[in-house]
Amino acid sequence: MIDYSKALSRKARDIKPSGIRKFFDMLEGRKGVISLTVGQPDFDTPWHIRDAGIDSIADGHTFYTSNRGTPEMRQELAKYMERRFGLRYHPEDELLVTVGASEAIDLAIRATVDQGDEVIIPVPSFVCYGPLVEMAGGKPVFVESTEDEGFKLTPDKLKAALTDRTKLIVLPYPSNPTGVILEREELEALAEVILETNAVVLSDEIYAELTYGKKHCSIATLPGMRERTVVVNGFSKAYAMTGWRLGYSAAPAPITDAMFKIHQYGVMCAPTASQYAATEALRNGDSDIEMMKEEYDRRRKYLVRALNEIGLPCQKPEGAFYVFMKVGHYGLSSEEFCERLLEEQQVAIVPGNAFGECGEGYARLSYAYSLEHLKEAVKRMERFVRSLNK
Ligand SMILES: Cc1ncc(COP(=O)(O)O)c(C=O)c1O
C-alpha cells in the first residue's frame with residue numbers, strides 16, 4: 001500500500017488549511033443557518049456580460065487564446081485601468097490575464113521569491129499570501145496592526161520588518177477582512193520607505209472598485225513606484241464574476257515576463273469564454289459596478305449602525321464588503337464566540353484569527369448579502385449577546 005505521508009511533499013503536508021474553510025465546513029448539512037461568511041457578491045453576473053460569454057461559445061471561440069490573454073481584452077484592460085485608476089500599462093508586454101486574482105498573486109510571489117527570501121505581509125489580511133509564499137520556499141514575515149492603528153501598515157512597522165532578504169511587500173488594500181483603505185498620503189509615507197529598498201510590491205487591488213466615498217489610489221501611481229509594483233486585480237468582486245475565474249496583473253515587462261513563463265507552464269491561458277465576457281464588462285460595465293456598490297453601501301451603513309447599537313462595536317469600513325467587529329469583550333475567544341453563535345442562534349460568521357493572530361478578539365461579517373438577510377442576522381446576534389450579558 002502506498003504510504004501517503006511519504007508520497008506527499010513536506011510543504012503540501014505541512015501547510016495549514018484555511019481558517020475560513022474550517023468554518024464553511026461546519027455549516028455543511030445544517031438547516032436554518034444565516035450565513036455571513038462568504039466573500040462573494042450575491043448579485044448575478046449582469047446579463048450583457050453573461051451574453052458575451054455565451055455568444056463567444058456559440059460563435060466557436062472554444063480554443064486556447066494568446067497565453068497572455070486575448071489582444072482585445074488586454075487593449076480594453078489598458079483603457080479601463082487608465083480610465084478608472086489613472087494607471088498606464090502597455091497591453092503587449094505589461095498585462096497578463098490570469099485565472100482569478102488568485103493566480104496573479106501566486107505568479108507574483110513565485111516570480112520574485114527564492115528559497116529563504118522574506119515577504120512582508122500586513123495582517124489581519126486575506127488568507128492566501130502566507131501559504132503561497134511558503135510553497136514558493138519563502139518566509140512570510142507577518143506585520144501585525146491593531147485597531148488603534150486603524151488596522152493599517154505604518155511606515156515604522158514596515159521599516160522595522162525590512163531586512164536584506166526582503167524581496168516582496170504585500171499591500172492588501174482595500175482590505176479583506178477589515179474594509180480599511182489606504183489614502184494617497186499614507187501610501188506616500190510607505191513608498192518613501194520602500195524606495196530605499198530593492199523590494200517589489202504586490203498590490204492586491206481586487207476591491208479597488210468597492211470604496212465608499214473616497215476613491216481608490218493605487219501605489220503604482222506614486223512617483224518611482226510603477227517600476228517595482230505588481231498591481232493585481234480581477235473580475236470576481238466588482239462585476240460579480242467569482243465563478244468565471246478571471247483576474248489580471250499589471251507590471252513592468254521584466255516582471256510580467258517572469259510571471260508569464262510560470263503562467264504558460266502552469267495554466268497556458270485563462271478560460272476563453274470568461275475573457276470574452278470580461279472584455280464586455282470592461283467596455284460596458286461601469287454602471288453595473290455603480291449599481292452594486294450603491295447597494296453594498298446601503299447595507300454597510302445599516303450593518304455598522306446596527307452592530308454598534310447591539311454591543312458589537314466596529315469601525316465603518318471604507319472599502320470591500322466586510323465588517324470587522326469586536327467580540328473579545330464578551331470574554332470568549334473569537335472561535336468560541338463564532339461557534340456558540342452558530343450553535344445557539346444559527347448565524348455563521350468568521351473568527352478574526354483566521355486572518356492572522358492579531359485578528360483574535362474580532363470576527364468578520366460579509367455584507368454581500370441582502371438587507372433582509374442582514375436584518376435577520378442582526379436580530380439573532382442581538383439575542384446572542386443579550387444572553388452573554390446575563
Ligand atoms: C483580498 C483578496 N484577494 C484576492 C482574492 C481572490 O480573488 P479571485 O476570485 O479573483 O481569485 C480574494 C477573494 O476573496 C480576496 O479577498
Side-chain angles (χ1 to χ4, degrees), residues 18-21 23-24 35-43 45 49 69 73 77 95-109 119 121-133 140 142 151-153 168-182 201-211 216 218-219 230-250 259 263 266-267 270-271 274-275 277-278 281-282 285 289 292 296 317-324 350 352 354-356 359 364-369:
S18 151
I20 307 185
R21 275 259 73 90
F23 244 74
F24 284 162
S35 170
L36 303 183
T37 53
V38 180
Q40 71 173 335
D42 58 322
F43 297 100
T45 304
I49 299 174
M73 169 148 184
L77 203 46
L95 297 177
L96 188 58
V97 179
T98 56
V99 181
S102 301
E103 193 214 352
I105 293 167
D106 190 30
L107 294 177
I109 292 169
V119 178
I121 303 171
V123 278
S125 64
F126 184 50
V127 294
C128 79
Y129 313 116
L132 291 179
V133 167
F142 296 107
F151 290 122
K152 293 175 183 184
L153 176 66
L168 190 65
I169 298 164
V170 178
L171 285 186
Y173 304 100
S175 163
N176 170 10
T178 62
V180 159
I181 65 170
L182 290 195
V201 169
L202 163 52
S203 186
D204 181 351
E205 303 184 14
I206 186 106
Y207 296 103
E209 289 284 8
L210 301 178
T211 60
H216 172 73
S218 172
I219 195 162
V230 182
V231 175
V232 167
N233 203 333
F235 294 81
S236 291
K237 316 290 175 174
Y239 297 99
M241 292 178 70
T242 47
W244 298 77
R245 305 310 304 126
L246 210 65
Y248 55 91
S249 64
M259 292 170 62
H263 169 79
V267 308
S274 301
Q275 293 189 54
L282 293 166
I289 298 174
M292 291 187 258
Y296 293 136
E318 294 188 293
F321 38 52
Y322 308 100
V323 167
F324 206 53
V350 183
F355 306 95
R364 187 194 78 173
L365 286 71
S366 161
Y367 51 90
Y369 292 91

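We count ligands from 1, going down the list as the structure has it; atoms in each ligand are counted the same way. Quick caveat: nothing in here was measured; it's all calculated off a predicted structure. Here, residue 1 is the first one in the sequence, and each next residue gets the next number.
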task: Mind running side-chain contact (heavy atoms from CB on, under 4.5 Å) on Phe142 and Val119 for me, showing each step along the way?
output: CA-CA 8 Å; Phe142 296 107; Val119 178; over 6 Å; no

task: Check whether the side chains of His263 and Glu103 place a donor and an acceptor atom closer than 3.5 Å, and report yes or no.
output: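 Result is yes, a qualifying pair exists.
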
field: Sequence-distant partners of Phe321, ring-ring contact (aromatic ring centres under 6.0 Å, His included), two or more places apart
entry: Tyr207, Tyr296

Phe235: partners by ring-ring contact (aromatic ring centres under 6.0 Å, His included), with sequence neighbours left out: Tyr239, Tyr248

task: Test Glu205 against Ser218 for side chain to side chain donor-acceptor pair (under 3.5 Å), laying out the working first.
output: CA-CA 8 Å; Glu205 303 184 14; Ser218 172; 2.8 Å; yes

- prompt: salt bridge (Lys or Arg N to Asp or Glu O under 4.0 Å) with Asp204: which residues, sequence neighbours excluded?
  reply: none

Using a 3.5 Å cut-off on N/O to N/O, what pairs does ligand 1 make with the protein? A line per pair would be great.
unit_1   : atom_1 : unit_2 : atom_2 : d
ligand 1 : 3 (N)  : Asp204 : OD2    : 2.6
ligand 1 : 9 (O)  : Ser236 : OG     : 2.6
ligand 1 : 9 (O)  : Arg245 : NH1    : 2.8
ligand 1 : 10 (O) : Ala101 : N      : 2.7
ligand 1 : 10 (O) : Ser236 : OG     : 3.3
ligand 1 : 11 (O) : Ala101 : N      : 3.3
ligand 1 : 11 (O) : Ser102 : N      : 3.0
ligand 1 : 11 (O) : Ser102 : OG     : 2.5
ligand 1 : 11 (O) : Arg245 : NH2    : 2.8
ligand 1 : 14 (O) : Lys237 : NZ     : 2.6
ligand 1 : 16 (O) : Asn176 : ND2    : 2.9
ligand 1 : 16 (O) : Tyr207 : OH     : 2.8

